[in-house]
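A short worksheet on the structure shown next.
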Amino acid sequence: MPERAYIAIGSNLGDRRAYLEAGLGEVAALPSTHLVAVSCAYETRPLGPIDQPDFLNAVFAIETSLAPDPLLAALLAAEKKHQRQRRIHWGPRTLDLDLLLYGKRVVESADLTLPHPHMHERSFVLVPLCEIAPRLSHPVTGRPFAAYLAALNCREAKATGPLALPAIP
Ligand code: ROI
């Protein structure tokens with residue numbers, strides 16, 4: 001049975017919008033996978049200790065028959081293809097693809113934690129996620145993501161308009 005998965009995408013180097021659209025295209029082209037919803041792209045301040053350029057962030061939903069591990073491997077391969085270099089922890093990046101949720105699956109392996117352990121505390125994830133799935137709840141706590149967002153005292157995230165959707169083959 002296909003599962004619905006949510007993926008966060010971000011970029012803060014080079015042509016950020018083009019990287020987001022390329023990442024979206026890579027995921028949409030995966031076998032047994034199709035795009036269900038794509039949020040706007042949001043201009044966001046960098047979270048974390050490193051001074052770096054602002055990010056463009058979005059979240060999208062897919063329906064996929066790929067299991068979580070091959071899906072994660074495909075996301076890492078797409079990052080690599082688009083010049084992502086993991087040099088500085090929490091540093092700037094051309095393309096970041098994070099698997100947030102895979103149905104209601106709870107996973108704690110060496111490579112993958114589901115739900116994503118920080119998703120409920122990051123406005124750059126919650127704002128686009130609540131745009132495309134306003135009634136979605138955290139699979140472990142049962143709390144709606146909209147409630148997490150409301151409690152955050154949200155740092156501004158500015159919608160910059162829709163991303164270009166990949167052509168349907
Ligand atoms: N900050 C923002 N605004 N957006 C991101 O995608 C992002 N990604 C990260 C860190 C460095 C934590 N900060 C971020 O990995």
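Source: prediction; values computed, not measured. All values below come from the heavy atoms of this structure, side chains included, with hydrogens, waters and symmetry mates left out. Start at 1 and go down the list; that is how both ligands and their atoms are numbered.
Heavy atoms of Arg93 found under 4.0 angstrom from ligand 1 belong exclusively to the side chain. Looking at Asn57 against ligand 1, only its side chain comes within 4.0 Å, counting heavy atoms.
When only interatomic distances are considered, the shortest N/O to N/O separation between Gln52 and ligand 1 does not fall below 3.5 Å. Ligand 1 has a nitrogen or oxygen under 3.5 angstrom from a nitrogen or oxygen of Leu47.
How far CG of Leu100 is from NE2 of His118: 12.0 Å, rounded to the nearest 0.5 Å.
Note on ligand 1: Gly48 sits outside its first shell, no heavy atom being nearer than 4.0 Å. Under the 4.0 angstrom criterion for non-hydrogen atoms, His118 is not in contact with ligand 1.
Note: Phe145 and His138 meet the aromatic proximity criterion, with ring centroids under 6.0 Å apart.
Contact check for Tyr6 versus Met119: no side-chain heavy atoms found under the 4.5 Å cut-off. Contact of the Leu149 side chain with the Leu129 side chain is not registered, since no non-hydrogen atoms from C-beta on lie closer than 4.5 Å.
Applying the salt bridge (charged side-chain N to carboxylate O under 4.0 Å, His left out) criterion to Glu26, with sequence neighbours excluded, gives Lys81.
Taking every non-hydrogen atom of Thr44 and a distance limit under 4.0 Å, the qualifying atoms of ligand 1 come out as 2 (C), 3 (N), 4 (N). With ligand atoms numbered from 1 in the order given, ligand 1 contributes 1 (N), 2 (C), 3 (N), 4 (N), 5 (C), 6 (O), 7 (C), 8 (N), 14 (C) to contacts under 4.0 Å with heavy atoms of Phe124.
Using modelled atom types, no side-chain atom of Ser11 and backbone atom of Leu56 make a donor-acceptor pair closer than 3.5 Å.
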